[in-house]
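Okay, structure first, notes after.
Here the structure is a predicted model, which means the values were calculated and not measured. Residue numbering restarts at 1 for every chain, and letters A, B, ... go by the order of the sequence lines.
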Amino acid sequence: MSASVRLLRRPTAILAGAFLALALASTAFAQEADPVAGLGADLDRLWLMLAAFMVFLMQAGFAMVEAGFVRAKNTTNILMKNTLDASIGGIAFFFVGWAFAYGSSDSSNGFIGLGNFALTGFDDYASWIFQFAFAATAATIVSGAMAERTRFSAYLFYSVFISGIIYPVVVHWAWDANGWLTAFVPEGETPIGGGNGYIDFAGSGVVHMVGGFAGLVGAIMVGPRLGKYGPNGEVNAIPGHNIAIATLGMFILWFGWYGFNPGSTLALSGGASELAARVAVTTTLAAAAGGITAVIITKLTTGIYDMGLAVNGILGGLVGITAGCATIDPWASIIVGAVAAAIVIGGVRLLDSFKIDDPVGAVSVHGFAGVWGVLAVGLLSSENGVATAGYLDSSQYGLLLGGGVQQLGIQLLGVAAIVAWTAGTSAVLFGALKVMGQLRVEADEEHRGLDLLEHGIDAYPDFGPSAEGIFAPAGPRGRAAGPTPRPNITTTASASES
Amino acid sequence: MSASVRLLRRPTAILAGAFLALALASTAFAQEADPVAGLGADLDRLWLMLAAFMVFLMQAGFAMVEAGFVRAKNTTNILMKNTLDASIGGIAFFFVGWAFAYGSSDSSNGFIGLGNFALTGFDDYASWIFQFAFAATAATIVSGAMAERTRFSAYLFYSVFISGIIYPVVVHWAWDANGWLTAFVPEGETPIGGGNGYIDFAGSGVVHMVGGFAGLVGAIMVGPRLGKYGPNGEVNAIPGHNIAIATLGMFILWFGWYGFNPGSTLALSGGASELAARVAVTTTLAAAAGGITAVIITKLTTGIYDMGLAVNGILGGLVGITAGCATIDPWASIIVGAVAAAIVIGGVRLLDSFKIDDPVGAVSVHGFAGVWGVLAVGLLSSENGVATAGYLDSSQYGLLLGGGVQQLGIQLLGVAAIVAWTAGTSAVLFGALKVMGQLRVEADEEHRGLDLLEHGIDAYPDFGPSAEGIFAPAGPRGRAAGPTPRPNITTTASASES
Amino acid sequence: MSASVRLLRRPTAILAGAFLALALASTAFAQEADPVAGLGADLDRLWLMLAAFMVFLMQAGFAMVEAGFVRAKNTTNILMKNTLDASIGGIAFFFVGWAFAYGSSDSSNGFIGLGNFALTGFDDYASWIFQFAFAATAATIVSGAMAERTRFSAYLFYSVFISGIIYPVVVHWAWDANGWLTAFVPEGETPIGGGNGYIDFAGSGVVHMVGGFAGLVGAIMVGPRLGKYGPNGEVNAIPGHNIAIATLGMFILWFGWYGFNPGSTLALSGGASELAARVAVTTTLAAAAGGITAVIITKLTTGIYDMGLAVNGILGGLVGITAGCATIDPWASIIVGAVAAAIVIGGVRLLDSFKIDDPVGAVSVHGFAGVWGVLAVGLLSSENGVATAGYLDSSQYGLLLGGGVQQLGIQLLGVAAIVAWTAGTSAVLFGALKVMGQLRVEADEEHRGLDLLEHGIDAYPDFGPSAEGIFAPAGPRGRAAGPTPRPNITTTASASES
Amino acid sequence: MKRIEAIIRPGQLPFVKQALEDIGHGGITVAEVKGHGKQKGVTEQWRGRQYKVDYLSKVWLLIVVQDAQAEAVIDAILDAAATGEIGDGKIFISEVQDAIRVRTRERGEAAI
Amino acid sequence: MKRIEAIIRPGQLPFVKQALEDIGHGGITVAEVKGHGKQKGVTEQWRGRQYKVDYLSKVWLLIVVQDAQAEAVIDAILDAAATGEIGDGKIFISEVQDAIRVRTRERGEAAI
Amino acid sequence: MKRIEAIIRPGQLPFVKQALEDIGHGGITVAEVKGHGKQKGVTEQWRGRQYKVDYLSKVWLLIVVQDAQAEAVIDAILDAAATGEIGDGKIFISEVQDAIRVRTRERGEAAI
Ligand SMILES: Nc1ncnc2c1ncn2[C@@H]1O[C@H](COP(=O)(O)OP(=O)(O)O)[C@@H](O)[C@H]1O
Ligand SMILES: Nc1ncnc2c1ncn2[C@@H]1O[C@H](COP(=O)(O)OP(=O)(O)O)[C@@H](O)[C@H]1O
Ligand SMILES: Nc1ncnc2c1ncn2[C@@H]1O[C@H](COP(=O)(O)OP(=O)(O)O)[C@@H](O)[C@H]1O
């Protein structure tokens, strides 16, 4: 099987045109030979790039949701974690991430890719930028689950591993032509189970479950925030500090998801745009259903309209539809989103009952709703949807729609494999950090806020009675007098008499 | 007239190519038959989707502007309203909104579409996502005008009606081939008035006036905020709480408008991209002129550079050019934007003189500048603009440019019809809620802020002397002691001696 | 040389197809003559528009970074500056900016364009919107360097000149076919120096250095903020007020840069999409390297993870790669980003040692890293990169990769010319304002904050013990009693007993 | 001189201020505080979890007055601040030895 | 009546509050303040430049009690607020002449 | 012991603090307050509408000193806080019965 065939394949039915175009477009010759195919390839690359940029913007969304959901004293810390995992993700995905996910060489195998390290011998940059944006997303999810008590150096350390190894291996399994779970086998081969293989169109499992379950293991290992669980079993509340930026973050994430899901067609030409548009619709409906469901549930159970859970519900709906956005019909995507929101709310409660402290709900939203999303493919995909999305065997579709149990079985296998791999590697990673005493900050630092000791600042340095907001330099000081020579005496009246 | 012809038509002149492409692209056969047409259709769908995503992001823009312009104690409430109208809009537009706007069946008529309920028998998903984003915009405008005192349940209720019925009917009138006002009549038919029909390229009337006038009726019905108008006729000021997020929101809206206006070409292929680019230019110039004009007016009349009105002025400029963005020449779009800003500022004063309380200026920006935008088409459209935009009869153009009075007459008819329908249905809707005592919160709740009683939170829960920000659970409590077992005794010095 | 050839040229090798397409597409005839070329032109215009929209969104990014980095009392002021330079930039670029940059007439020359004033005789709107977005960027950079003490009217004044004249002239030199530095000479001519001419793919020099050095001159002329430098030589710290929005701004800027750099291919068809994707990769890696480098340097030198410099470091990496994003290989872009971050951090220190006060780091990020970016082209461009990007003479490439010293020489010439022009004109502009006493606010206003006296507001008007947040109108007042008639007596208990 | 310290509902501040102006007293200092007395706090909710907020927002007023004016000021505050519901607040009165106007260095009752 | 004014570490507030409830005293007013005494501030950093923040966040408590309860309240605060490190804070005690409950206009010890 | 309570302009705080350090007094507590006296507020504007803000931002200082030091501290504040314009603020002096250092439980003048 040649390298060019293995790379980034999607089912051939729908994308044959696009695929052909890509193959042709890679030589200048092709442009002249078939200008239409060349233009199709340009269009497809545009789509990949735009989707990548939109997914990249989700970094801002995650940063705002997470920052809004933590206390003011840990805001700089979570912002900086989000900032750096984008940076670390970029460098790690350049050197090894792509290689482990899609790298092609003779030693690549069903478990891991090997090849194109540091993008040597590689020129499919549009695919790289798209895949990088996904990798950065997987890494950033974890920071939320472990917020407000994890040491910054530990965070830097595990970010490298998640974007560099843990996530890429799962990508390889599920999305590389060579992967053992993949639906995108080379012409003539058969996916695992003989049908469609593991269907995870945009990554409820590949991206979100990886982030969510790494976060779960991390949250367990690092332990709850001081004071979250009282001595007599009470579950205390630790409200975040800024609903406005959290809401902004949710909207940015929803926007970014239009790159995440529709962009996962990887192509637009040859009619793939029709599929992409359909995906945009299912994505919208699931998000909407998630938001409404979360509000209804909280209104019924608590009597009030809860904003935090509305945000989590919408995000849960989005995560839930991510695997099945192409194979599930619009009407059914409403169900997927609604169930996802219910799972998120249940998950938040469940974790608390185990004293697992997830400050922003990342485990429920990405982990649990991610599991649901993968399984929903096996429950609610329509026959037509599986065919339209271009998977190989549309006779296997959602159990609840009469498509039999086989697809659900493969989906379960996928869930089990991803959970096992992610939880196992995360346990080693976080366990090692914990044993070395490097995972968590000191109790005193936690009380005073991570911003002060790790970042030397708080996120809103100029609020409070700080007068002019001018500070003398630290260090052996002479008579630094007061920051400014007395100014007011000689100026005009400092208040108008209205 | 066949269903496929009625759907979402634009004037044929410019978009013939695109239209053909769409028609052809809908069958797999077409792809093989004419790959160029297929690619054109892919490109057009891409354009619709991207424009839809950008318009969707305007939800974040509205949320930030409105949140920034209300008091801190009502911030969560307005954020949640914006969040939920996006969700409700999605579900309502799926089940009935599209059907009433563009639904095609034998019972569809000039007043309302009927057909494709819940997207049955429908697969033009790119158009749906684009139209959904517009519907969500119309609904979200209202929340601003009624902010800080409207009951949340009332809001949920009327959101369903606005995105589900009130707005879609206007769309049907103006943009469906079947609509009585439409400019996009089927081949061989003549629009109302015999010329171009009602020209509202991207919806100054269809979208913004609907939102603005529903908001006006709502603001009148719900009454002013307590304290806005003093007992002796004083108009008190109630400043918002966060100029930074309001400014962010304005920029996001401006960005989204590049999807709203240029995206309304609905196609890019066949040279429609040239029109789209021209629209981007007029949109930019009108926004810029609106901003500058608002600043000049406030500087001259009040002596200071007023930020709130600069934001409103830019948005007014954008609303003003929305109807005529394709038919008005760039130089004239500067006039349209400048006049729009002046109208917005006048409108804000006017409403106050009638004791109609619109906390964020939504009625002036979307309603009044929307009326201006619709009329500006009849005043300032150029002959070349009307032709380039592909309307049927370029001999009828702006009165001030010598194009006669007829187009202005049709525009006035459109304004009257939209105002009558929107105000009428809104009056019934809000009137019913008011009679049932469901429209407005209690005075006490209004004083304490809607966040506390409706959402159980305030938007910035962690500011103020709340110590650790950890709270014991509510309910019958044992000795919940203090959230954390005393931590400090044993830890190291909690302050460094510099 | 005909006007149509001079306009906006890029090297012909790669973009021949696109160029041809554009030429053909401008007549309806062409559409029929060659539908593929027409579609290519549509795709290219789409690309220009989308890139323009993304670059426009950078206005929001700049506004948030700058607002976050200043004190709360000057927040409205900086927000309004950012708002108005977008508006002023739009109008100025319409009337004269484009004309000086790319305007074509017989009197155009190597120094300045003349023609198409107010877009007369012009219809390449996609190019205009793209170039406008760039012009607005150049202008907005300056506001950061001069923040917290510059008079608002002075700001308005110099904004007109920067977007209207100073910046367009540099564009003409470097990017117009006619410009004396340009790499994009007409067929048959030779660029300055006989090789590639000045290479600045997306504008490290043309855009960022112009903004950065105008800011430098402005910061020197306006003088440091009161209290920034103590009487005994201390450099005091003046922390900004909101790290959360500053981080958001950084992410928005990074996102916008994907329009800025990849969009500078100006075309997608004819295989230009491959180049654009490659540019997206180098942009990502440089930003990531910049962020990581800044964190490592500050951790090593100060012991803490500094968020403000991480933001500056990422932005520095982005500025650094902007000139060479197309000609520098991905691995080398990591070096470019890392060095840029180091330069930014060094620059921040350096300016302080000269008592030049740049509150947000704009001079270091845009000016110094901009210089580095231009020079990096001459040091690290690969032979293959120069060829792929379509420059004329790939035998001249990076000195460090063995490509000789000539390209570096031309780059140095470009730096010198841009610095001389920008600094010279800025010195005249700011000098005149200073002489007239119009450049800086009074000391008392500076102490109380620019928001209060220039804008009559502070950015967070509703925080603090302001009770209901309702204020009686100013002016001769009757007995304005208290804003609301006493409400509480008759309402229900205002606190629930839990 | 008397130091009158009142802790009142935020919403009543404008009325108190007006009442003080009506009787001719201008000088006042206010701060945002939180407190609880008999009034026991509210239940709030964070991501589905309800919790008790013990402290409610109040406004703290500091008014220094001449002895002779004290009762008038107190009465004005009592009238304007009361709603009749628990949570109306408290007034504490103590003795001030001296007052100084910074600008003029006047001392004593003249400085108020 | 005594006016007990305590400036304590923010983190100790919940314990102080609990201790006061344990001895049966409910009324309390708190505010965010900054201060310094022997404890001299921390070093912070802004864009690479280190600076001294002289004032540290503290919580200011105002508790007015009947004379008889004063020592019990003071002891409770001392127990709950102390960590043994510098920066633990101060308590100041002064005399209050009168207290008034706004809602009922009760005066004196009954009003506390 | 004396309880010196000063309400000053925010911009003068650094000078006051320096002046106190110069005469050897360290302990101080500050809070953000708003107030008005003779100085009557400013006119602000919201979306084109001008309104009066009655309260201006001030900083409230609490400094407890030994009796002997009181006048020196007051003089230092007066010197450093004055600009000569209305709005310079007020100082109120009252008696403190006792002071306690939380960490050591020292009482009286030693605790300051
Ligand atoms: N003993 C006290 N010491 C200090 N502040 C008090 C005291 N009692 C009440 N307060 C303040 O007064 C506010 C109102 O008290 P509350 O008990 O609700 O009034 P009431 O007794 O009239 O119902 C409280 O929130 C608190 O800030
Ligand atoms: N003389 C004083 N007047 C007013 N407030 C004081 C005084 N001394 C200390 N404080 C307040 O008490 C807080 C703790 O003081 P600190 O000196 O750190 O305590 P300790 O002396 O126990 O080390 C300070 O931050 C300040 O707010
Ligand atoms: N009688 C008073 N009681 C409490 N605070 C006062 C009193 N008089 C003035 N203040 C405080 O002092 C500040 C300055 O007062 P102001 O009247 O402007 O000073 P001056 O009388 O020197 O012009 C006010 O803003 C207010 O906070």
Return the option, out of Ala237(C), Gly291(C), Ala289(C), with the maximum number of heavy-atom pairs under 4.5 Å with chain A. Ala237(C)
Side chain of Asn242(C), backbone of Tyr460(A): donor and acceptor closer than 3.5 Å? no
Holding to side-chain hydrogen bond (donor to acceptor under 3.5 Å, both in side chains), I want the full list of residues that pass it with Asp451(C), two or more places apart in sequence or in another chain. Thr76(C)
Of Ile129(A), Leu46(A), Leu79(A), the largest count of non-hydrogen pairs under 4.5 angstrom with chain C goes to Leu79(A)
Chain C heavy atoms under 4.5 Å from Phe56(A): which part of the residue, side chain, backbone, both or neither? side chain
Under 4.5 Å heavy-atom distance to chain C, tell me which part of Met64(A) shows up: side chain, backbone, both or neither. side chain
Can you tell me which portion of Leu453(C) sits under 4.5 Å from chain A's heavy atoms? Options are side chain, backbone, both or neither. neither
With Tyr258(A), which residues qualify under side-chain hydrogen bond (donor to acceptor under 3.5 Å, both in side chains), at least two apart? Trp254(A), Thr284(A)
So among Ser273(C), Pro330(C), Cys325(C), which one has a side chain to side chain contact (heavy atoms under 4.5 Å, CB included) with Arg278(C)? Pro330(C)
Select one option (side chain, backbone, both, neither) describing which atoms of Leu285(C) are under 4.5 Å from chain A's heavy atoms. both
Using heavy-atom distances under 4.5 Å, tell me whether Leu84(A) contacts chain C through its side chain, its backbone, both, or neither. side chain
Using non-hydrogen atoms and a 4.5 Å limit, figure out which bit of Ala246(C) sits close to chain A: side chain, backbone, both or neither. neither
Cut-off 4.5 Å, heavy atoms of chain A, and the answer for Leu248(C) is both
Test log, rule side chain to side chain donor-acceptor pair (under 3.5 Å), inputs Asp352(C) and Tyr229(C): CA-CA 9 Å; Asp352(C) 270 342; Tyr229(C) 304 108; 2.7 Å; yes
If you tally heavy-atom pairs under 4.5 Å against chain A, which of Thr302(C), Val279(C), Ile334(C) wins? Ile334(C)
I'd like to know if Glu148(C) and Arg225(C) make a salt bridge, using a cut-off of under 4.0 Å between side-chain N and carboxylate O. yes
Is chain C contacted by the side chain of Leu156(A), its backbone, both, or neither, given a heavy-atom distance below 4.5 Å? side chain
What one should report as the nearest heavy-atom pair of Ala288(C) and Ser87(A) is CB-O, 3.2 Å
Heavy-atom distances under 4.5 Å only: say whether Phe95(A) touches chain C with side chain, backbone, both or neither. side chain
Between Ser153(A) and chain C, with a heavy-atom cut-off of 4.5 Å, which part of the residue counts as in contact: side chain, backbone, both or neither? both
Between Arg45(A) and Asp42(A), is there a salt bridge with N-O shorter than 4.0 Å? yes
Give a yes or no answer on whether the side chain of His455(A) reaches the backbone of Tyr305(C) with a donor-acceptor pair at less than 3.5 Å. yes
Bottom line for Ile88(A): the part with an atom under 4.5 Å from chain C's heavy atoms is both
Check each atom of Ile245(C) against the heavy atoms of chain A and say whether the ones under 4.5 Å are side chain, backbone, both or neither. neither
Can you tell which part of Leu452(C) gets under 4.5 Å to a heavy atom of chain A, answering side chain, backbone, both or neither? neither
Within the 6.0 Å centroid threshold, strictly below: Phe251(C) and Phe255(C): no
Would a 4.5 Å heavy-atom cut-off, applied to side chains only, mark Phe152(A) and Val441(A) as touching? no
Taking side chain as everything from C-beta outward and backbone as N, CA, C, O, which of these in Ala287(C) sits under 4.5 Å from a heavy atom of chain A? Side chain, backbone, both or neither. backbone
Given heavy-atom pairs under 4.5 angstrom as the criterion, report whether the side chain, backbone, both or neither of Ala63(A) touches chain C. side chain
Looking at Ile457(A), Ile252(A), Leu57(A), which one has more heavy-atom pairs under 4.5 Å with chain C than the rest? Leu57(A)
Proximal component of Val235(C), with respect to chain A [non-hydrogen, under 4.5 Å]: backbone
Do the two ring centres, one from Trp128(A) and one from Phe132(A), sit under 6.0 Å apart? yes
